[in-house]
2 protein chains.
Amino acid sequence: MLTTCCLPLTQEPLTAGQAESLAHGFKAVGDPIRLRLLSLIASQDGGEVCVCELNDGFELTGPTISHHLKVLREAGLITSERRGTWVYYRAVPEVMARLSAVLAPAAERV
Amino acid sequence: MLTTCCLPLTQEPLTAGQAESLAHGFKAVGDPIRLRLLSLIASQDGGEVCVCELNDGFELTGPTISHHLKVLREAGLITSERRGTWVYYRAVPEVMARLSAVLAPAAERV
DNA sequence: AAACTGTCTAGACAAGCATCGAAACAGTCC
DNA sequence: GGACTGTTTCGATGCTTGTCTAGACAGTTT
């Protein structure tokens, strides 16, 4: 996963290995539904949100939402925690920040 | 395309329209080859690079590289300019910055 | 333990996508 | 205009992915 990485790519070309790893993260948010799910989770006051609340915002079935959440989880962008019958999701800011940094303008080179 | 957008998604959930637009950009860089191509173009001294130079760095055929460049171009991440038989590519920093900003940590809220 | 609610996983299917070789297009040189 | 180089587009193919339903799993209540 995204264990070590990366200067803005405006400064230095990515290696094949870095690109492979980063692309996995970008591909995860390269779907509108998943991007919206991540935004709902990441913007949540209190830092976490129950999957039962997420389902309501989409016209997709529960299994489909669950599948999308799994993709985000496997990309390291969110974590999940079961409490009783309920499952709560949190965003992982560090992973988002890494993806963000790679595309950042060169002006942030300092 | 990415005409108007977007606070960090940690601050506010994305609308379906915003997500649709942004996801298009993220999907474009969600492929390792395309991510490497973008990094080669964006990090180039002089700001532009000839496609003939790009092809050498990959074990793919010319048409495949051309296809990938087209995906990046349609996502607005690069522009192309033909000069004689040669075609030169440039990165579009503003579009990269927009994608970067969306995933930026909330700490940049100021 | 059985019945219930909530959630995830598996499998099928249709749509989308990365790759190649062939063909078309763009420009240069003779 | 024809031959050439460089590049892009087209179409076929095999692989990947988004979506659904069915079923399995996790936890709670009776």
Side-chain angles (χ1 to χ4, degrees), chain A residues 14 16-17 19-41 44 48-90, chain B residues 14 16 19-41 44 48-91:
Chain A
L14 298 169
E20 188 76 39
S21 181
L22 288 163
H24 187 46
F26 286 123
K27 177 174 284 193
V29 293
D31 173 77
I33 302 294
R34 285 203 289 279
L35 191 51
R36 280 183 62 201
L37 281 169
L38 181 61
S39 76
L40 284 169
I41 295 168
Q44 192 70 16
E48 68 180 13
V49 59
C50 170
V51 60
C52 57
E53 294 171 50
L54 291 174
N55 287 331
D56 293 341
F58 300 86
E59 297 187 341
L60 302 175
T61 65
T64 301
I65 300 294
S66 204
H67 164 77
H68 280 308
L69 289 170
K70 180 176 180 180
V71 173
L72 288 171
R73 199 168 67 240
E74 290 179 343
L77 286 158
I78 60 174
T79 60
S80 62
E81 180 181 356
R82 183 177 273 271
R83 278 187 233 129
T85 62
W86 310 89
V87 177
Y88 291 82
Y89 287 88
R90 286 177 179 274
Chain B
L14 297 169
E20 187 76 39
S21 181
L22 288 163
H24 188 46
F26 286 125
K27 178 173 283 192
V29 293
D31 173 79
I33 301 294
R34 285 201 291 278
L35 192 51
R36 281 182 61 202
L37 281 169
L38 181 60
S39 76
L40 285 169
I41 295 167
Q44 193 70 16
E48 69 180 11
V49 59
C50 169
V51 60
C52 57
E53 294 172 51
L54 291 174
N55 286 331
D56 291 341
F58 300 85
E59 298 187 340
L60 302 175
T61 65
T64 301
I65 301 293
S66 201
H67 165 77
H68 281 308
L69 290 170
K70 180 176 179 178
V71 174
L72 288 172
R73 198 168 68 241
E74 289 179 342
L77 286 157
I78 60 174
T79 60
S80 62
E81 181 182 354
R82 183 176 273 273
R83 278 187 236 128
T85 62
W86 310 89
V87 177
Y88 290 84
Y89 286 86
R90 289 176 177 274

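Within every chain, numbering begins at 1; the chains are lettered A, B, ... in the order of the sequence lines, protein sequences first and strands thereafter.
When the side-chain nitrogen and oxygen atoms of B:Lys27 are compared with OP1 and OP2 of C:dG16, none of them lie within a distance under 4.0 Å. Not one side-chain nitrogen or oxygen of B:His68 sits closer than 4.0 Å to the OP1 or OP2 atom of C:dC17.
Residue contacts for A:Arg34: at a heavy-atom cut-off of 4.0 Å it reaches the sugar-phosphate backbone alone, with no base atom in range.
Under the rule for a side chain to side chain contact (heavy atoms under 4.5 Å, CB included), the partners of A:Ile33 that lie at least two apart in sequence or sit in another chain are A:Asp31, A:Leu37, A:Phe58, A:Leu60, A:His68. With sequence neighbours excluded, the residues that form a side chain to side chain contact (heavy atoms under 4.5 Å, CB included) with B:Val87 are B:Val51, B:Ser80, B:Arg82, B:Tyr89. Applying the side chain to side chain contact (heavy atoms under 4.5 Å, CB included) criterion to B:Cys52, with sequence neighbours excluded, gives B:Cys50, B:Trp86. Applying the side chain to side chain contact (heavy atoms under 4.5 Å, CB included) rule to B:Thr79 yields the partners B:Arg90, B:Val92; only residues at least two apart in sequence or on another chain are considered.
Across all their heavy atoms, B:Leu38 and B:Ala91 have their closest contact at CD1-CB, 4.5 Å.
What separates CD of A:Glu74 from P of D:dT17 is a distance of 11 Å, to the nearest Å. Between the CZ atom of B:Phe58 and the P atom of C:dT19 there is a distance of 10 Å, rounded to whole Å. In this entry the distance linking CG of A:Asp31 with C1' of C:dG16 reads 12 Å, nearest Å.
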With sugar-phosphate taken as primed atoms, P, OP1 and OP2 and all else as base, the protein-contact string of nucleotides 2-10 of chain C at under 4.0 Å (heavy atoms; B, S, -) is ----BSBB-
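The list of side-chain hydrogen bond (donor to acceptor under 3.5 Å, both in side chains) pairs with a residue in residues 54-65 of chain A, not counting sequence neighbours, reads A:Thr61-A:Thr64.
With DNA chain D read from its 5' end, the first of the two nearest nucleotides for A:Gly84 and A:Gly30 is the one closest to A:Gly30.
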